[in-house]
Amino acid sequence: MWDFGGQEIQYMIHHFFLTPQALYVLVADDRKQNTEFDYWFRIINLLGREKEEERIKVLVVLNQIGHTSVTNFDHATYQKNFPDLQIEKQEVDFAKADLRCTDLEKVIQKYLCTLPHVGDPLPRLWQPIRTALLEARKTQPHITFSAFSAICTQNYDGINLSRQEDQLYLSRYLHRLGVILHYEEDALFDFVVLDPQWAVKAVYALLKDKKVEHNNGQFTEADLKRKWKAYTPIERTQLLNLMLKDKFEICYRAPQAGTFIAPQMLPPKRPPYNWESASAMKFRYQYPFMPKGLISRLIVRLSDDIAGANKELVWKEGVIIAGHDCQAQILQHKTVKEGLEVLDIEVIGVERERKYLLRDIRKEVQKIHERS
């Protein structure tokens with residue numbers, strides 16, 4: 001079970017845990033009237049399927065007060081607009097322990113039992129190993145890979161998972177389901193997170209820190225030590241590694257030693273710079289729907305090449321990149337006429353070199369698409 005936060009900073013890593021063949025329960029508080037139904041339906045529709053023909057189950061739970069709804073949730077219209085989602089509605093009042101709450105439990109159980117993969121055969125050892133990992137989670141949020149391997153090689157009715165190749169295959173499967181977090185790159189190979197929510201909460205706590213917010217997303221190793229004082233030095237290092245490029249892609253290393261920047265918290269105002277748009281080579285990505293945080297992730301991926309004496313030509317929805325004797329301006333915005341979310345890239349500089357800088361940027365955009 002995953003609890004997805006609805007705050008802007010929490011949207012950054014939703015793409016890691018919106019998985020196919022899952023039941024999505026969207027809880028809307030009718031008192032606040034601010035649930036982004038359109039965004040949630042779109043992001044679930046985009047990331048929550050493995051095959052085009054899959055219909056994703058979404059249960060909308062309307063938490064009401066005194067049996068009075070103020071959101072006027074239009075079930076029929078949403079079902080028509082999202083035909084690949086199986087949208088159901090359930091009204092409750094969590095302030096009262098009435099039959100509607102009991103009915104909600106039964107409805108959730110019913111939908112869980114009808115998920116397409118329930119009942120599918122799995123390798124015999126996976127279930128007991130998963131049970132052992134969940135048991136270990138009760139006392140420790142993470143283990144080393146050797147400890148993970150030891151759990152795999154235990155005796156389960158006379159058999160075990162002894163080959164590292166098979167152990168890694170299982171870790172990838174569990175990682176994909178969100179049961180554990182395990183990245184096989186060298187820096188994080190020996191860091192198997194048994195409780196992913198533990199890691200996510202640590203990241204959220206840092207990003208919600210008032211000092212980090214006041215510094216427009218800039219923080220230091222001293223800030224990590226202050227905010228993560230309940231964590232060991234090794235845990236702080238590994239959690240920071242999770243936030244960097246190729247993992248959560250939430251922050252990048254600033255030019256100053258021991259300093260980091262979370263681009264989603266940068267100021268919205270552009271820094272001053274000169275730009276000749278008329279003569280630039282231009283390329284546009286158009287998104288009928290763009291998941292939140294795409295430009296922030298791209299800034300992290302391109303952070304080594306941010307222009308400026310101190311890599312200062314970056315803001316919340318844009319960045320200037322230097323390379324190949326050229327510069328590129330990358331902007332995320334919405335078109336006025338079509339209302340489309342777009343990523344606009346303009347490249348200036350030596351004409352014969354421009355295509356190479358554009359190629360490098362497009363490679364990073366493609367990696368974001370593939371990882372999502």
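- Looking only at distances, a side-chain donor or acceptor of H75 sits under 3.5 Å from a matching main-chain atom of I87.
- A pairwise comparison of heavy atoms in D103 and Q90 identifies CB-NE2, 3.7 Å as the closest pair.
- Ring to ring, H369 and Y287 are close: their centroids are under 6.0 angstrom apart.
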(request) Would you sort out whether F189 and L168 count as a side chain to side chain contact (heavy atoms under 4.5 Å, CB included), showing the intermediate values? (result) CA-CA 10 Å; F189 181 82; L168 287 172; 3.8 Å; yes
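- Residues S277 and E346 bring a donor and an acceptor atom of their side chains to less than 3.5 Å of each other.
- Other residues, nucleotides and ligands place more than 12 heavy atoms under 6.0 Å from the CD atom of Q366.
- A side-chain donor-acceptor contact under 3.5 Å links D223 to the backbone of T220.
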(message) Working note: R253 + L244, criterion side chain to side chain contact (heavy atoms under 4.5 Å, CB included); need CA distance, chi angles, decisive distance, verdict.
(response) CA-CA 8 Å; R253 299 181 189 276; L244 295 171; 3.5 Å; yes
(request) For side chain to side chain contact (heavy atoms under 4.5 Å, CB included), just list the numbers for D120 and H117, CA-CA rounded to whole Å, side-chain angles, deciding distance to a tenth of an Å, and then say yes or no. (result) CA-CA 5 Å; D120 284 353; H117 64 287; 3.7 Å; yes
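- Of the N and O atoms on the side chains of Q329 and Y273, at least one donor lies less than 3.5 Å from an acceptor on the other residue.
- Contact between I299 and G318 at its shortest, heavy atoms only, is CD1-O, 3.9 Å.
- A heavy-atom distance below 4.5 Å is not found between the side chains of V58 and Q86.
- For the atom pair F191 CZ and L239 CG, the distance stands at 5.0 Å (nearest 0.5 Å).
- At least one donor-acceptor pair under 3.5 Å links the side chain of T114 to the backbone N or O of Y111.
- At most 12 heavy atoms of other shown residues, nucleotides or ligands fall within 6.0 angstrom of atom CG in D325.
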(request) Please report the C-alpha distance between F41 and L85 in whole Å, then the side-chain angles of each, then the deciding distance to 0.1 Å, and finally whether the side chain to side chain contact (heavy atoms under 4.5 Å, CB included) criterion is met. (result) CA-CA 8 Å; F41 287 144; L85 301 181; 3.8 Å; yes
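- Taking CD1 from I321 and CG from L358, the interatomic distance works out to 12.5 Å, rounded to the nearest 0.5 Å.
- Under the 3.5 Å distance criterion, the side-chain polar atoms of T237 are matched with a main-chain donor or acceptor of P233.
- Crowding of I234 atom CD1: a count of heavy atoms from other residues, nucleotides or ligands under 6.0 Å not exceeding 12.
- For E351, the CD atom is loosely surrounded, since the number of other residues' heavy atoms within 6.0 Å does not exceed 12.
- The backbone N or O of K211 sits less than 3.5 Å from a side-chain atom of D209, completing a donor-acceptor pair.
- The minimum heavy-atom distance between S171 and H182, with the atom names listed, is OG-ND1, 3.2 Å.
- A single hydrophobic cluster is not seen to contain both L340 and L298; linkage of ILVMFWY side chains at heavy-atom distances under 4.5 Å, directly or through other members, places them apart.
- A donor-acceptor pair is defined here as one N or O able to donate and one able to accept, closer than 3.5 Å; no such pair exists between the side chain of E213 and the backbone of K210.
- Taking every heavy atom of both residues into account, L357 and G323 meet most closely at CD2-O, 3.7 Å.
- Judged purely by atom type and a 3.5 angstrom limit, N216 has no side-chain atom pairing as donor or acceptor with the backbone of L266.
- Of the N and O atoms on the side chains of E338 and T335, at least one donor lies less than 3.5 Å from an acceptor on the other residue.
- Not one N or O on the side chain of R284 forms a donor-acceptor pair closer than 3.5 Å with the backbone of V342.
- Here the options are R359, R371, R301, the test is salt bridge (Lys or Arg N to Asp or Glu O under 4.0 Å), and the partner is E364; only R301 passes.
- For the 3.5 Å distance criterion, the side chains of D195 and H142 fail to qualify, holding no donor opposite an acceptor.
- Using a cut-off of 4.0 Å between Lys/Arg side-chain N and Asp/Glu carboxylate O, E317 and R270 are scored as not salt-bridged.
- Ring planes of Y183 and H175: perpendicular class, angle over 60° (limits at 30 and 60°).
- By the 6.0 Å contact criterion, CD on E276 is open, its count of non-hydrogen atoms from other residues, nucleotides or ligands being 12 or less.
- Of all the heavy atoms in I56 and N45, the pair that sits closest is CD1-CA, 4.2 Å.
- Under the 3.5 Å distance criterion, with hydrogens and angles disregarded, no donor-acceptor pair is assigned to the side chains of W275 and Q327.
- Relative to the ring axis of Y39, K292 places its NZ or CZ within 45° and under 6.0 Å from the centre.
- Ring orientation note: the planes of Y78 and F73 are close to parallel, at an angle under 30° on the 30°/60° scale.
- What you find for Q167 and C152 is that their closest heavy atoms are CG-CB, 3.8 Å.
- Residues D304 and K311 are not paired through a salt bridge, judged by the lack of any N-O separation under 4.0 Å between the basic side chain and the carboxylate.
- A salt bridge does not link D84 with R55: every distance from a Lys NZ or Arg NE/NH1/NH2 to an Asp or Glu carboxylate oxygen is 4.0 Å or more.
- At least one donor-acceptor pair closer than 3.5 Å links the side chain of D190 to the backbone N or O of F145.
- You'll find the side chain of M243 reaches within 4.5 Å of the side chain of L206, heavy atoms only.
- H324 and D360 share a donor-acceptor pair across their side chains, judged by distance under 3.5 Å alone.
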(request) Could you check Q127 against T131 for side chain to side chain donor-acceptor pair (under 3.5 Å), going step by step and ending with a plain yes or no? (result) CA-CA 6 Å; Q127 180 57 36; T131 301; 3.2 Å; yes
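- A salt bridge is absent between K355 and E353: the closest approach of a Lys/Arg side-chain nitrogen to an acidic carboxylate oxygen does not fall below 4.0 angstrom.
- The residues K282 and D344 are annotated as not salt-bridged, no charged nitrogen and carboxylate oxygen being separated by less than 4.0 angstrom.
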